[in-house]
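Atoms within each ligand, like the ligands themselves, are counted from 1 in listed order. In this text, all values refer to a predicted model and were calculated from it rather than measured experimentally.
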Amino acid sequence: MNKETDTTTDVRNVVFVGSGVAGLSAAVYAARADLEPLVLEGPEPGGQLTLTTDIENYLGFPEGVGGMELIQNGKDQAERFGAEFTHGTVENVTLEERPFELELSNGDTLQTRALIVASGASARWVGAENEDELMGYGLSTCATCDGAFHRGDDVLVIGGGDSAMEEALFLAKFADSVTIVHRREELRASEIMADRARDNEAIEFRWNTELEALQGSQEEGITGATLVSHPEGYPLEKTANDPDVMLETIDVGGVFYAIGHTPNTEFLEGTAVDRDKSGYLHTRTDNDGRTTTKTTVEGVFAAGDVADPHYQQAITAAGTGSMAALDAEAYLEALKREEEIALEMPL
Ligand SMILES: Cc1cc2nc3c(=O)[nH]c(=O)nc-3n(C[C@H](O)[C@H](O)[C@H](O)COP(=O)(O)OP(=O)(O)OC[C@H]3O[C@@H](n4cnc5c(N)ncnc54)[C@H](O)[C@@H]3O)c2cc1C
């Protein structure tokens with residue numbers, strides 16, 4: 001069932017913002033609990049896993065599994081239990097009144113008693129030539145996920161913060177050489193992470209350098225990278241006729257972007273849902289101090305990378321997806337009891 005958005009005045013039990021692994025896992029649980037969930041697929045149906053070819057660290061697939069295949073299986077599984085999927089991107093939400101109201105980018109509105117936000121966090125891309133074609137084919141944004149495919153390769157890490165150092169240190173276990181490409185002469189990374197990277201013999205630095213283009217194909221993967229440098233840094237901002245701009249194409253077998261992620265939470269701006277300074281959602285602990293997926297607005301839950309700046313793995317996203325569905329189910333049960341009690345009250 002994959003319909004165009006149906007503008008309806010019916011109030012849904014639960015709507016999921018996002019159809020990545022977190023949204024799908026939540027949909028399986030909610031559908032099996034007869035909550036008739038609606039999944040809004042958003043701008044990237046299936047989420048980030050659709051950008052990758054092989055996943056080797058997701059439990060249950062000893063030979064690995066393709067990203068598309070894993071997502072399609074998850075969608076089939078959720079649909080089997082009655083989850084409904086629709087194209088739709090949330091632009092605005094009104095959470096002050098019950099039921100909640102969602103406004104989609106095509107102008108449709110939806111009402112729901114519970115909301116699960118599973119809208120992910122998008123890795124920032126640098127804008128190099130050919131990156132669209134080669135993402136998932138030697139170009140990656142996740143060393144933990146794809147590092148092991150680069151045994152014996154020369155690889156580049158683009159970035160200068162802690163996450164770039166972390167990615168480089170991880171990749172140094174597999175790759176022949178790791179070169180950190182940074183557009184300035186100073187790192188943004190903490191001293192301790194920078195020292196670890198500097199002390200690792202497999203890691204080199206290219207200062208005042210940026211990635212301009214990637215070479216390769218989906219069949220053979222990445223074969224090379226064109227780097228541009230300038231002694232004053234930020235070379236891509238310099239004009240082409242600046243005599244100090246240097247271009248160089250080098251052989252590499254892999255490139256990793258490590259310039260951060262942006263959580264997809266703009267549509268929650270101005271609401272009482274708490275976010276950290278980067279925009280990641282805060283979740284609350286319960287009265288016993290245990291982790292939940294509840295946000296600071298009752299009835300709104302968060303799952304997957306959108307609330308997790310740290311782990312950002314498919315299996316952790318799926319895990320929190322199931323938690324969010326269970327938390328939403330308990331919330332809806334309590335809401336129903338409250339409504340029944342209110343109806344029984346003498347006027
Ligand atoms: C190239 C690559 C390779 C990876 N490889 C691995 C791997 O091998 N193993 C591993 O464990 N992890 C891997 N990861 C990480 C993994 O993909 C993520 O941790 C996981 O996809 C997070 O799932 P999610 O559901 O939280 O978010 P996402 O997968 O990011 O999904 C977010 C969903 O929200 C939707 N959305 C966003 N905004 C809106 C909106 N306003 N309205 C409606 N919908 C919206 C999007 O359309 C999308 O469907 C990889 C990531 C990348 C990029």
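Listed by atom number, the atoms of ligand 1 under 4.0 Å from Thr141 heavy atoms are 52 (C), 53 (C). When each atom of ligand 1 is checked for a heavy atom of Phe267 under 4.0 Å away, the hits are 41 (N). Short contacts between ligand 1 and Ala118, defined as distances under 4.0 Å to a heavy atom of the residue, involve ligand atoms 32 (C), 33 (C), 34 (O). Ligand-side atoms of ligand 1 in range of Thr89: 40 (C), 41 (N), 42 (N), 43 (C), range being under 4.0 angstrom from any heavy atom. When each atom of ligand 1 is checked for a heavy atom of Gly304 under 4.0 Å away, the hits are 26 (O). Every atom of ligand 1 is numbered from 1 in the order shown, and the set under 4.0 Å from a heavy atom of Asp146 is 3 (C). The atoms of ligand 1 that sit less than 4.0 Å from any heavy atom of Ala314 are 10 (C), 11 (O), 12 (N), 19 (O). Within ligand 1, counting atoms from 1 as listed, the ones closer than 4.0 Å to a heavy atom of Ala317 are 22 (C), 23 (O), 26 (O).
Looking at Pro43 next to ligand 1, an N or O pair under 3.5 Å apart turns up.
The CD1 atom of Ile315 sits 10.5 Å away from atom CD1 of Ile55, with the distance rounded to the nearest 0.5 Å. The OG1 atom of Thr179 lies 6.0 Å from the CD1 atom of Ile250; values are rounded to the nearest 0.5 Å.
Contacts of Arg113 classified as salt bridge (charged side-chain N to carboxylate O under 4.0 Å, His left out), with partners at least two apart in sequence or in another chain: none.
For atom 3 (C) of ligand 1, the nearest protein heavy atom (residue, atom name, distance) is Thr52 CB, 3.5 Å.
Thr265 places a side-chain heavy atom less than 4.5 Å from the side chain of Val306. Side-chain contact between Leu70 and Phe61 is present, with heavy atoms from C-beta onward closer than 4.5 Å.
The shortest separation from a heavy atom of Ala123 to ligand 1 is not under 4.0 Å, leaving the residue out of contact. Gly67 does not count as a contact of ligand 1, since none of its heavy atoms falls under 4.0 Å from the ligand.
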